[in-house]
Protein chains: 2
Amino acid sequence: MVTSSSARDRILDTAFRLFYARGIRAVGVDLIIAESGVAKATFYKHFPAKDELVLAYLDKVDGIWTGQLRAAAEAAGPDPADQLVGLFDALGTACRRDGYRGCAFINAAAEAAPGTPVHERTVAHKRAVLAWLRDLATRAGADDPESLARSIALLLDGGLADGALAADPEAPRAAKHAARGLVAAAASRVA
Amino acid sequence: MVTSSSARDRILDTAFRLFYARGIRAVGVDLIIAESGVAKATFYKHFPAKDELVLAYLDKVDGIWTGQLRAAAEAAGPDPADQLVGLFDALGTACRRDGYRGCAFINAAAEAAPGTPVHERTVAHKRAVLAWLRDLATRAGADDPESLARSIALLLDGGLADGALAADPEAPRAAKHAARGLVAAAASRVA
DNA sequence: TTGATCATAGACAGACCTGTCTGCTAGTGT
DNA sequence: ACACTAGCAGACAGGTCTGTCTATGATCAA
């Protein structure tokens, strides 16, 4: 099974690029098939329906984005309070990347009807991120970890959304700055 | 010209409802025509292309949402600092509304390619809101009005995005709480 | 050699999309 | 009475969408 996974990977890589750049509905399977150099039958063998490719796409994005988020957090040092601030460096890096078009999950949710598997997948992602933030806030010794985690999540998602609109290139820095203030306030109440 | 505006209004009202509920690409002009009880020729007379209807839809949303935002701010009293916090009540009200599906502009931007009139329209909206927040922050006597305005905008857009994902029903309250903290911090530096 | 498996190439069906066009009806101002 | 305007009804063209199908070539194991 050497070449068998190759076709699947080519499809998924192409879908990743096109879905993110143009939107899910705007990209037809025909285009993905053409750009990935794969036969139609092969496509439908690996992904019996377009929606399953969309789910695989979201899984891929989840893995990448979560990894960047954790890496940025850990780069800030061992202190969970520092990590809650440092993770915003991942936002800054993402926004500066060429062709940045915001959060793939927020975008996918905008196109999918509530209740559909695709929409549920985006909800699951946001919940997982929030759980991670809650853990960090708890270990940071925040007075109200739940509230702090939610606030950080709001700043993060706001930064992702605003970056997509390109309305404010300074958004990531403002988000990090605000996060620092919130973390300090939550910690000072304890100290 | 009594009935003449009626057809146009019916089209726009139907589009407003359907575009927001299902997404712009997911709604075809045929459906809008059928649900608004209008002839196809009449539709294309008022809106020569679908994109023009989309722009009219965004204008309508802009008027409504901006109005709600300002009303919520003014309900908090005459102090600009209070208004910066009070405006989040509009977010709470919106999120509780049945069929809430997030910010129409963020959703529209997710479907439109950057550079298109529709995308530009969303950017203009966010810029207008940011300018309003900047004015409020300045009049509130904040140390760094630009930074405070951006932070408030991030919390607002984050709340809109998260509410759409329905991942966190408490998001509006958390956003208001965080905003109160940021406003207090920015003001205390002056006092 | 032969059969199984995986790939490619592309025709095809059936639905839906935007936008144009032709007829027809009804009210309105002159 | 007559022209004008606004609207309704729906056929039509040309394109795109998802998904199925047939036919063919390449690889590899028995």
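This structure is a prediction, so every number in the text was calculated from the model and none was measured. In what follows, chains are A, B, ... by sequence order, proteins preceding strands, each numbered from 1.
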Worksheet item: Taking only residues two or more places apart in sequence, or in another chain, which ones meet B:Glu120 in a side chain to side chain contact (heavy atoms under 4.5 Å, CB included)?
Response: none

Worksheet entry | Donor-acceptor contact present, side-chain A:Glu35 to main-chain A:Thr14, <3.5 Å | no

Fill in: Protein-nucleotide distance (B:Lys50, atom NZ; C:dC17, atom P), rounded to Å
8 Å

Fill in: Pairwise side-chain hydrogen bond (donor to acceptor under 3.5 Å, both in side chains) hits with a residue in residues 60-76 of chain B, at least two apart
B:Asp13-B:Lys60, B:Asp62-B:Thr66, B:Asp62-B:Arg121, B:Asp62-B:His125

Discussion item. Within residues 15-36 of chain B, which residues have any heavy atom lying less than 4.0 Å from an atom of DNA chain D?
Written reply: none

Worksheet item: Is it true that a side-chain atom of B:Tyr57 and a backbone atom of B:Arg17 form a donor plus acceptor pair closer than 3.5 Å?
Response: no

Worksheet entry | Closest non-hydrogen atom pair between A:Pro80 and A:Ala140, with its separation | CB-N, 3.8 Å

Discussion item. Taking B:Gly37's backbone N and O only, do any of them form a donor-acceptor pair with B:Arg10's side chain (distance below 3.5 Å, no angle check)?
Written reply: yes

Worksheet item: Counting only side-chain N and O atoms of B:His46, is one of them less than 4.0 Å from OP1 or OP2 of D:dA6?
Response: no

Discussion item. If I take atom CZ in residue A:Arg8 and atom P in nucleotide C:dA7, what distance separates them, rounded to the nearest angstrom?
Written reply: 12 Å

Discussion item. Once side chain to side chain contact (heavy atoms under 4.5 Å, CB included) is applied, do any residues pair with B:Pro48, and if so which ones, sequence neighbours excluded?
Written reply: B:Glu52

Worksheet item: Nearest nucleotide by nearest heavy atom, which residue falls closer to the 5' end of DNA chain D, B:Gly37 or A:Ala49?
Response: B:Gly37

Worksheet item: Within a reach of under 6.0 Å around CZ of A:Arg173, are more than 12 heavy atoms found that belong to other residues, nucleotides or ligands?
Response: no

Worksheet item: Just how far, in rounded Å, is P of C:dC6 from CG of A:Asp9?
Response: 16 Å

Discussion item. Is there a side-chain contact between B:Arg10 and the phosphate of D:dC8, meaning an N or O under 4.0 Å from OP1 or OP2?
Written reply: yes

Discussion item. I need the B:His46 NE2 to B:Asp9 CG distance, nearest 0.5 Å.
Written reply: 9.0 Å

Discussion item. Using OP1 and OP2 only, check whether a side-chain N or O of B:Thr42 sits under 4.0 Å from D:dA6.
Written reply: no

Below 3.5 Å between N/O atoms, which protein atoms pair up with nucleotides 25-28 of chain D? Just atom names and distances, please.
none

Response to the item:
Given protein heavy atoms under 4.0 Å, the one-letter contact record of nucleotides 20-29 of chain C, with B base, S sugar-phosphate only and - none, is simply BB--------

Worksheet item: Going by heavy atoms in the side chains, are B:Leu155 and B:Lys176 under 4.5 Å from each other?
Response: no

Item to complete: Quick one: closest heavy-atom pair of B:Ala15 and B:Ile32, and the distance?
Response: CB-CD1, 4.2 Å

Item to complete: Send over the distance from B:Phe43 CZ to D:dG7 P, rounded to a whole Å.
Response: 14 Å

